[in-house]
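This report refers to the structure that appears directly beneath it.
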Amino acid sequence: MKTPVPDYLNHVLSQCNSNDQGQLADYIPELASADPNKLAIALATIDGTIYSIGDDDTEFTIQSMSKPFAYALALKHHGISAVLAKVGVEPSGEAFNQISLDAKHKLPKNPMINSGAITTHSLIPVKKKVSRAEHLRRFLSELAGRELSFDEQVYQSELDTAFRNLSIGYMLRTVGVLEEDPIDIVHGYIHQCAIKVTVKDLANMASVLANGGLQAKTGKRILERDVARQVLSVMMTCGMYDAAGDWLTSVGIPAKSGVAGGIIGVLPGQVGLAVFSPKLDEHGNSARGIEIMEQLSQDMGLHLMEGTPSAQTIVQNRYQIGKRNAIVVYELRGVLQFTESEMLLRILQDEPASKNTIILDLTNISLIHNVGVKMLFEGVNRLKEDGHNVVVLDAEGILTEEQCKGRKRIVVKQDLQEYLKKVLKKDPK
Ligand code: GLU
């Protein structure tokens, strides 16, 4: 059997093929020579599988889609509060290149508009031979899983007409948000926007954000969870410029567009999406890209506000074995967040006080949230107070060292069958 996902994507692509609305961006002269017919979609699941169709090998410049990743890099290096002291998180409702600051704090309103993005660029660490833009290129290459390069022609073309971004730079220097020569920073920001990507690269980048900062293919944690969450929150409220509200209601996922015609979207916990089509609507977002994203969101039920109900099946199996049936095994399954933990504790409430051994097997738990860890061990303590001996089996090591601290006698990193064999041998029927 062949998965129908590519056929579905092809269907969406052919449906919007006839849409010829929009204009090529021309304030960067080089972008005006792009082929307006190019069209591509890519979808990357959080386990690293990628589907792509159309002009999926065509490279174009990342432009404003670099902003969330530059923000991520700044957060990674300085921490959230230090970055918040320089750039706010309020949607501006203004055009991307508005020359404005937050009236009260005299800071750029958010990192997704140019004033905020130029500031964020200045927060990327710089070393002797590694410029900020180069630092970001390396970071994006890691996220994309291949070596990316700069489009020097687009860079030069934007430099030649960068008057507006330079005015923003001077404004930021005047109020002290930028502490260095604004020309260097603005040039670096423009270089960052000229990194070349394909929809596949973008979907891979988006899927790392969807996966809370973890890159499935390499198993590497590239961003901390709180950084990924911060980036996605800002994309959600500010990513689509002055069309952010429209986007949130009709598509409903964190996203970012770029003037070369790309849009990336992230459905947390599920997929990273990317589309490319160079003609832009009046807000500067890809016209066909928006149509595709709306279609995908509708067909695939992506809208965040629809929420994903809990699977409601935390206990996959419960049975008693051993002498006098004194070993009670709970095989748990799925995700342990608040809803599932509450359900588990409600089920455990029915265990009558006794000297039984209760085994909580985490082998099939795919994700455990901090609140899940807290509630699980609170349940363990209460079962112990009732006289039980409690063992948490963590064969896959889903609990971190930190979470196991002080619980060495409770958490056993062993497979359920092996563990049962051992205890049943010691204490046969
Ligand atoms: N380099 C472009 C600029 O700063 C990016 C704008 C965009 O993609 O929206 O004007």
Side-chain angles (χ1 to χ4, degrees), residues 22-34 59-71 87 91-100 108-122 124 132-133 136-137 140 150-172 178 182-197 199 201-202 205-206 234-235 238-244 247 255-265 274-287 289-290:
Q23 303 288 332
L24 289 172
D26 57 4
Y27 76 101
I28 302 173
E30 191 64 23
L31 293 185
S33 59
E59 290 190 314
F60 51 96
T61 49
I62 190 166
Q63 298 297 342
S64 277
M65 292 176 292
S66 64
K67 292 171 181 173
F69 299 102
Y71 187 51
V87 194
S92 69
E94 294 166 348
F96 70 97
N97 55 5
Q98 192 76 19
I99 306 180
S100 68
K109 287 179 189 147
N110 69 67
M112 300 294 121
I113 52 172
N114 286 12
S115 56
I118 291 169
T119 307
T120 309
H121 180 82
S122 77
I124 298 175
R132 296 180 173 99
L136 185 70
R137 188 201 63 78
L140 292 178
F150 291 101
D151 187 326
E152 300 297 349
Q153 245 169 307
V154 170
Y155 172 53
Q156 199 51 54
S157 173
E158 188 169 354
L159 276 191
D160 295 343
T161 51
F163 314 115
R164 203 170 171 100
N165 279 332
L166 284 167
S167 347
I168 295 175
Y170 279 108
M171 168 188 72
L172 294 168
L178 289 187
I183 300 184
D184 282 352
I185 301 292
V186 170
H187 285 193
Y189 159 75
I190 292 172
H191 209 199
Q192 134 183 348
C193 289
I195 294 170
K196 285 188 284 186
V197 287
V199 280
D201 298 327
L202 290 170
M205 294 174 193
V234 173
M235 285 169 75
C238 316
M240 298 302 281
Y241 305 133
D242 40 346
W247 175 268
K256 186 74 208 84
S257 65
V259 286
I263 305 180
I264 52 167
V275 294
F276 168 57
S277 173
K279 281 174 145 187
L280 310 179
D281 66 11
E282 71 276 19
H283 301 291
N285 299 321
S286 165
I290 298 247

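All ligand and atom numbering here is 1-based and tracks the order in the structure. All residue numbers in this chain count up from 1 along the given sequence. What you see is a predicted model, and the numbers here were worked out from it, not measured in a lab.
Scanning the protein for heavy atoms near atom 9 (O) of ligand 1, the closest one is Tyr241 OH, 2.4 Å. When only non-hydrogen protein atoms are considered, atom 6 (C) of ligand 1 lies nearest to Ser64 OG, 3.1 Å. In terms of protein heavy-atom proximity, atom 3 (C) of ligand 1 is nearest to Glu158 OE2, 3.2 Å.
Heavy-atom contacts of Gly258 reach the following atoms of ligand 1: 8 (O) (cutoff under 4.0 Å). Close approach to Tyr27 involves these atoms of ligand 1, each under 4.0 Å from a residue heavy atom: 2 (C), 3 (C), 5 (C), 6 (C), 10 (O). When each atom of ligand 1 is checked for a heavy atom of Tyr189 under 4.0 Å away, the hits are 3 (C), 4 (O), 5 (C). Per-residue contacts place Phe96 under 4.0 angstrom from the following atoms of ligand 1 (heavy atoms of the residue considered): 6 (C), 9 (O), 10 (O).
An N or O contact shorter than 3.5 Å links Gln63 to ligand 1 by distance. Checked against a 3.5 angstrom limit, the closest N/O atoms of Lys67 and ligand 1 fall outside it. The distance criterion of under 3.5 Å between nitrogen or oxygen atoms is met by Val259 with respect to ligand 1.
Ring-centre distance between Tyr155 and Phe150: not below the 6.0 Å cut-off.
Asp281 places a side-chain N or O within 3.5 Å of a backbone atom of Gly284 that can act as its donor or acceptor partner.
When all heavy atoms of Asn110 and Ser92 are compared, the pair lying nearest together is ND2-N, 3.6 Å. Of all the heavy atoms in Gly265 and Ala206, the pair that sits closest is O-CB, 3.7 Å.
The only member of Val259, Ile195, Leu31 that meets side-chain contact (heavy atoms from CB on, under 4.5 Å) when paired with Thr61 is Leu31.
Residue Gln153 qualifies as open at atom CD: its count of foreign heavy atoms under 6.0 Å is 12 or below. Taking a 6.0 Å sphere around CD of Gln23, one finds it holds 12 or fewer heavy atoms contributed by other residues, nucleotides or ligands.
Contact annotation: for Arg164 versus ligand 1, there are no heavy atoms closer than 4.0 Å. Residue Cys193 touches ligand 1 through its side chain alone, judged by heavy-atom distances below 4.0 Å.
Judged by distance alone, the side chains of Asn97 and Tyr27 never bring a donor and an acceptor atom under 3.5 Å apart. Using a 3.5 Å distance cut-off with no hydrogens or angles, the side chains of Gln98 and Ser100 do not pair a donor with an acceptor.
Within the 4.0 Å heavy-atom shell around ligand 1 one finds Asn114. For Asn165, the heavy-atom gap to ligand 1 drops under 4.0 angstrom.
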